[in-house]
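Reviewing the structure listed below.
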Amino acid sequence: MRVIDLRSDTVTLPTPEMRKAMYEAELGDDVFGEDPTVNRLQEMAAEVTGKEAALLVSSGTQGNLVSILARCHRGDEIIVGSDAHIFLGEVGGAAALAGVQLRLVSNDEHGMMAPQAVREAIRGPNIHNPPTTLLCIENTHNRCSGAVVTPDQIASLAAVVHPQGISIHLDGARVFNAAVYLELPVKELVKDVDDLSFCLSKGLACPVGSLICGTKEFVERARKWRKVVGGGMRQAGIIAACGVVALQTMVQRLAEDHENAHVLAEGLAHVPGVHINPRRVQTNIVIFTVDGSREEFVARLAEGGVKVTTSGDGIRMVTHYGIMRQDVEEALVRAAKVARGQASAGSIASLSHGKGRA
Ligand SMILES: Cc1ncc(COP(=O)(O)O)c(C=O)c1O
């Protein structure tokens with residue numbers, strides 16, 4: 001039985017071209033700034049995002065942490081979405097290591113924060129207040145089923161915070177998915193954010209790595225902080241070589257993942273006992289709920305060779321480079337079988353429950 005792994009786009013394996021590029025990569029000591037492959041990748045990342053400079057870091061989590069360290073002082077307050085990965089999925093690193101306080105503003109189901117709510121969250125100069133120094137946004141929005149935030153929406157947030165001297169950091173772990181969905185160059189999409197991180201190791205299928213991008217001055221501060229958290233790597237061109245291939249060859253194919261996620265969402269919507277609004281699925285993340293026990297559903301799926309995770313109060317399936325259309329179709333057949341099993345187990349349970357009471 002073929003195992004269909006829909007847990008995350010992080011399970012992707014490098015392409016043959018990436019493996020070859022790793023083997024052939026020109027290397028040097030990147031802490032001395034002497035790895036030509038890292039330098040090339042950083043230049044490509046700066047160019048594609050329209051920022052002055054970029055820095056290779058080990059992960060999305062490190063990219064967000066180092067960006068916050070480079071922007072904020074201990075005791076600052078930063079505004080973050082209530083469903084943001086920085087808040088929910090990064091082990092409290094911003095608090096533990098950057099010493100900042102997180103002020104949450106509700107994300108709507110499209111991953112957006114209302115500009116008025118952000119305005120109200122900004123602290124005034126009162127002596128009792130910590131200074132608000134950063135707004136963090138996320139695009140695509142993981143918890144919100146891979147929802148895409150548009151350039152106009154980002155501009156509406158920038159109009160609130162920039163006049164107050166507050167910067168915007170974008171957790172753009174999947175920003176290329178957003179750009180492909182919108183059919184826009186990434187640089188257009190991120191023009192109103194001051195800095196961003198994006199991941200190579202998700203839909204772009206690299207084994208390791210993220211980049212942070214911003215002004216030269218910001219990136220130099222980030223470089224120092226990267227060293228502080230142990231992220232100064234030496235012959236990191238081995239990693240960067242895959243990133244170069246990814247930026248050249250793996251971006252446009254994300255549309256295939258989106259199409260597969262769409263097919264998955266439409267198919268799930270027709271499975272009795274499964275609840276999903278397929279129109280909410282814009283990119284590669286599909287989140288749905290089920291009648292009955294979610295944990296049992298996930299366990300039965302795993303027994304049937306379909307690996308998934310939970311997200312919020314739902315079940316999450318993510319399409320990626322390792323998933324083909326026939327995998328999606330097979331996953332739907334297996335999911336329908338699990339749902340049928342759960343429904344009949346439920347009705348037997350209610351029958352015997354009814355009997356017991358009679
Ligand atoms: C939106 C978002 N940001 C950041 C990260 C962290 O990335 P990493 O797992 O590389 O630390 C993830 C990981 O799934 C993510 O979904």
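For reference, positions follow the sequence shown, starting with 1. Values in this document were obtained by computation on a predicted structure and should not be read as measured data. Indexing begins at 1, ligand by ligand and atom by atom, following the structure's order.
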Is there at least one pair of N or O atoms, one from [X] and one from ligand 1, spaced under 3.5 Å apart?
X: T10; result: no
X: S201; result: no
X: G60; result: yes
X: T140; result: no
X: T61; result: yes

Ligand 1 atoms in contact with [X] (distance to a heavy atom under 4.0 Å):
X: E138; result: 1 (C)
X: E90; result: 3 (N), 4 (C), 5 (C)
X: R174; result: 14 (O), 15 (C), 16 (O)

Query raised in the report: How does S59 reach ligand 1, by side chain, by backbone, by both or by neither, if only non-hydrogen atoms under 4.0 Å count?
Result: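 Looking at S59 and ligand 1, atoms from backbone and side chain both fall under 4.0 Å.
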Query - For ligand 1, the portion of H141 having any non-hydrogen atom under 4.0 Å away - result: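 No part of H141 comes within reach of ligand 1.
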Query raised in the report: side chain to side chain donor-acceptor pair (under 3.5 Å) with N284: which of N260, D9, T319?
Result: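 With N284 as partner, side chain to side chain donor-acceptor pair (under 3.5 Å) holds for just one option, D9.
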Would you say the side chain of [Y] lies within less than 4.5 Å of the side chain of [X], judging by non-hydrogen atoms?
X: N142; Y: R174; value: yes
X: M112; Y: P115; value: yes
X: E266; Y: V263; value: no
X: R226; Y: S58; value: no

Query raised in the report: Salt bridge check: are E52 and K216 linked by an N-O gap of less than 4.0 Å?
Result: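 No, E52 and K216 are not salt-bridged.
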Query raised in the report: With the threshold set at 4.0 Å, does a side-chain nitrogen-carboxylate oxygen contact exist between K224 and E220?
Result: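 The answer is no: the pair does not qualify as a salt bridge.
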Query - Verdict with supporting geometry, E77 and R123, salt bridge (charged side-chain N to carboxylate O under 4.0 Å, His left out) - result: CA-CA 8 Å; E77 187 164 85; R123 301 282 198 150; 2.7 Å; yes
Among all protein non-hydrogen atoms, which one is nearest to [atom], and what is the separation to 0.1 Å?
atom: atom 5 (C) of ligand 1; result: H85 CE1, 3.2 Å
atom: atom 14 (O) of ligand 1; result: K202 CE, 3.2 Å
atom: atom 3 (N) of ligand 1; result: D171 OD2, 2.7 Å

Requested in this report: Give a yes or no on whether the backbone of D291 and the side-chain of Q342 come within a donor-acceptor separation of less than 3.5 Å.
Outcome: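 Pair found, side chain donor or acceptor close to backbone of D291.
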